[in-house]
Amino acid sequence: MLSSQKINLSKIAAKAITPLSFRTFASSAVARNVSINLHQGSFESYNCDAPSLEVNISKEELVRMYKSMVVMRRMEMASDGLYKAKLIRGFCHLCTGQEAVAVGMETALTAEDKIITAYRCHGFTYMRGGSITSILAELLGRKAGISGGKGGSMHMFTPNFYGGNGIVGAQVPLGAGISFAQKYLGNKAATFSLYGDGASNQGQVFEAYNMAKLWELPSVFVCENNRYGMGTAANRSSANTSYFKRGDYIPGLKVNGMDVLAVHQAVAYAKEWTVSGKGPLLLEMETYRYGGHSMSDPGTTYRTREEIQHMRSNNDPITGLKQRLLEFNVITEDEMKAIDKAARVEVDQAVEEAKASPEPDVDQLFTQIYQKEAGVKSLRGREPEETHYY
Amino acid sequence: MSSMLKKAAVVSIPTVRQALIRSNPVLANALLAKRSYNSKGGVEMTVRDALNSALEEEMIADEKVYLLGEEVGQYNGAYKVSKGLLDKFGPKRVIDTPITESGFCGLAVGSAFAGLKPVCEFMTWNFAMQAIDQIVNSAAKTHYMSGGNVDCPITFRGPNGAASGVAAQHSQCFAAWYGSVPGLKVVSPWNSEDAKGLLKAAIRDPNPVVVLENELMYGISFPMSEAALSKDFVVEIGKAKIEKEGSDITIVAHSRSVGFALEAAELLEKQGVCKAEVINLRSIRPLDIDTIIKSVKKTNRLVTVEGGWPQYGVGSEICAQIMESEAFDHLDAPVVRVTGADIPTPYAANLESFAFPDTEVIARVVQRTLNKKIGA
Ligand SMILES: Cc1ncc(C[n+]2csc(CCOP(=O)(O)OP(=O)(O)O)c2C)c(N)n1
Ligand SMILES: [Mg+2]
């Protein structure tokens, strides 16, 4: 059965996912719109026109963008702390520095649009409706986790977010497939497949490009170029680092991914492009991760501390939006401080809730391996007497 | 933890070091970097350093040996197995690849056809699934398909099996997958001697060899014999090793499970339950069934242990071959397989702890097998 609501998340703790309608930023008709001009270098295009540099957006939406980025950063800081306290195991990839990508995308999309990414997925999960508690509880491997504690840091899903995938590049054809289903079902919506500068070299990325173009799928391929794939700088992995041009026959746009408004504008453009039937589009988000690749990587052996500091001081997405909010009198500095404080309280509270959640029930070991385990009579544990009978 | 599984304790004995530095400074530097000394004065080495020595020695010995893979050079390896090799051998022979497993694996296989001896590192074997076609269809079969006209002396290596807390896509054992392919040799080291000897043998072997290491073992120190420290040391591929002699039951294991099997055996012996014989398979293909048969004829009971899934696994194969052999007539109880559970690996610690064999499960199964009697 092909249905746009195919991912069955009914088993997830009801609280884990807020229906997107409550959380999207679909501009209300309030006439509090502002018109903001993006910087000249915000876009560079390849075989298409660049989006307008003029962004029309409501003040309300701008404030929500700010709040989302602040919450996201707080949430990742909390993850960092929980990891260092040895409460999070295995891999843990933070998106600190890259917040503008997930947030700017969400404001331009609806719940009908789908997103898929790799393991650096906490921010997207949050923007696509996952509660902070359910994300943190997943990191802790608890029952209240968005995947019931089965997936951990790399595997989180919501009804319009297909994860949370651990194999570099594999999510890209999956995303093309989701857009294939959208077209097949006649949905006027698009799928955005995110992948890194490192992942961009996987063969299956190019295979997905080809099919998406061949079949004019409403697929937007989004390269999150944060300059490094693990310890490898982009120019050491990629013969062409103009990732937005690598679709050859697919037009592309390079976007200042540290500016949430530029991301918003580009994604709105890409959605319009694909949904109007022009086929796929490539977006390259120029961004930067402040931390190491994952928690076990200090992130300082292959780049200088100065480079990191420079990005933090001059390109920080939160600081950038803050300046705009003040410049356009959207909110006052005090109001912003109140938002910062509220975010801290909200995340702190979520940390406590997540910690309070028990571990998953042990009988969950054998559930959800198949849709209907009843069709499978039994599965074996580590030895015959640990066999589980359904 | 048993005495064989001590965490690396680097007790350097300054006098030993100085004596060595005086007598042979070049050798001393090379060796002392990787060795530590246990309290008895014997040399210990981590599995990681043993693998690193193997690579270094084989690269010194043969110009045609080169290493490629993701992060193997400038980053010194995602798990630091290739640490220092870029500095020693330069970028011609230690090559950082893009994240394109299918591509760089295919390229490595092609270079082996053309006379080089690549060591193709997969950051983990999970990612080699991107490249399994090149391993199975190109590397394993070309010698045969070409009527012996094309050789493929390549080593594929990297960490295999479950790691800790990394969930379903990053925690699985590929021994059964590659072990089923004619044309491939497959080895699975447990300790430092295995790691060094088998990797060196793999690199020297004229066939494609899959080396299944284990990330959770990289940091563990093991004693190294005098012989194992030599640059001429190799462990023959296709030979299992009896790690502990016993008379009452045979436990066959590979990789990390060997440690658990030994612990279970020691525990049961201390409790006066039994004397178990523990066989470290070392090699998955060729499988040294003769050593297992001989042992079963002596002990009359067999338990197999592995971290992989139960269905069509290494244990299944051993059971089948025992059934087909004369050892069948010597069995006093049915063979039992201890394996990874038949599930994708869960993340949560409490669930994960039920997904893979440990000392306790092995001890339990061994005890139960001792109490069973065929026909009874
Ligand atoms: C097929 C595959 N190969 C290798 C890895 C190991 N790995 C995980 S992330 C990563 C780097 C990816 O870099 P990039 O695509 O730039 O994404 P970023 O981490 O920068 O977001 C690597 C090599 C993997 N998970 N899957
Ligand atoms: Mg990257």
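Order of the sequence lines fixes the chain letters, A, B, ..., with proteins taken first and strands second; residue numbering starts at 1 for each chain. Keep in mind that this is a model prediction, so the values were computed, not measured. These numbers come from the heavy atoms of this one structure, side chains and all, not from hydrogens, waters or symmetry mates.
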| request: Decide if the gap between the ring center of A:Phe157 and the ring center of A:Tyr162 is smaller than 6.0 angstrom. | output: no
| query | Do the two ring centres, one from A:Tyr119 and one from A:His293, sit under 6.0 Å apart? | reply | yes
| remark: Applying a strict 4.5 Å limit to non-hydrogen atoms, the region of A:Asp297 in contact with chain B is both
| Of all of A:Glu138, A:Arg142, A:Met154, A:His388, which one pairs up most often with chain B through heavy atoms under 4.5 Å apart? | A:Met154
| message | Less than 4.5 Å to any heavy atom of chain B: does that hold for the side chain of A:Leu140, its backbone, both, or neither? | response | backbone
| note | The interface call for A:Ile167 against chain B, heavy-atom contacts under 4.5 Å, is both
| query | In terms of heavy-atom pairs under 4.5 Å with chain B, which of A:Pro360, A:Gly198, A:Gly203, A:Ser238 leads? | reply | A:Pro360
| Is it true that the side chains of B:Tyr347 and A:Ser147 contain a donor and an acceptor less than 3.5 Å apart? | no
| query | Which residues satisfy the salt bridge (Lys or Arg N to Asp or Glu O under 4.0 Å) test with B:Asp358, sequence neighbours excluded? | reply | A:Arg382
| note | With chain A, the option among B:Val361, B:Thr97, B:Asn126 that has the most non-hydrogen atom pairs under 4.5 Å is B:Val361
| remark: NZ of A:Lys150 to CD of A:Gln368, rounded to nearest 0.5 Å, is 3.5 Å
| request: Using non-hydrogen atoms and a 4.5 Å limit, figure out which bit of A:Thr301 sits close to chain B: side chain, backbone, both or neither. | output: side chain
| remark: Counting heavy-atom pairs under 4.5 Å with chain A, the top scorer among B:Val338, B:Val305, B:Thr339, B:Val303 is B:Thr339
| message | Less than 6.0 angstrom separating the ring centers of A:His122 and A:Phe124, yes or no? | response | no
| note | Scored by heavy-atom pairs under 4.5 Å with chain A, the best of B:Val166, B:Val336, B:Thr345 is B:Val166
| query | So, for B:Val366 and B:Cys274, which heavy atoms are closest and what is the spacing to 0.1 Å? | reply | CG1-SG, 4.2 Å
| With only heavy atoms counted, which part of B:Tyr75 is less than 4.5 Å from chain A, the side chain, the backbone, both or neither? | side chain
| So, B:Arg368 and A:Glu385, do they make that salt bridge, N to O below 4.0 Å? | yes
| request: Sort A:Met230 into side chain, backbone, both or neither according to what part of it lies under 4.5 angstrom from a heavy atom of chain B. | output: both
| task | Check the side chains of B:Gln130 and A:Gln204 for a donor-acceptor pair under 3.5 angstrom, ignoring hydrogens and angles. | result | yes
| query | Relative to chain A, which segment of B:Ala349 carries a heavy atom at a distance below 4.5 Å: side chain, backbone, both, or neither? | reply | both
| query | What part of B:Gln311 gets closer than 4.5 Å to chain A, counting heavy atoms only: side chain, backbone, both or neither? | reply | neither
| field | Backbone of B:Phe174 reached by a side-chain donor or acceptor of B:Trp125 within 3.5 Å | value | no
| Among A:Val168, A:Thr387, A:Asp361, A:Val362, residue most engaged with chain B (heavy-atom pairs, under 4.5 Å) | A:Val362
| task | Using non-hydrogen atoms and a 4.5 Å limit, figure out which bit of A:Tyr302 sits close to chain B: side chain, backbone, both or neither. | result | side chain
| message | Only pairs of heavy atoms separated by less than 4.5 Å count here; which of B:Gly340, B:Pro310, B:Gly165 has the most with chain A? | response | B:Gly165
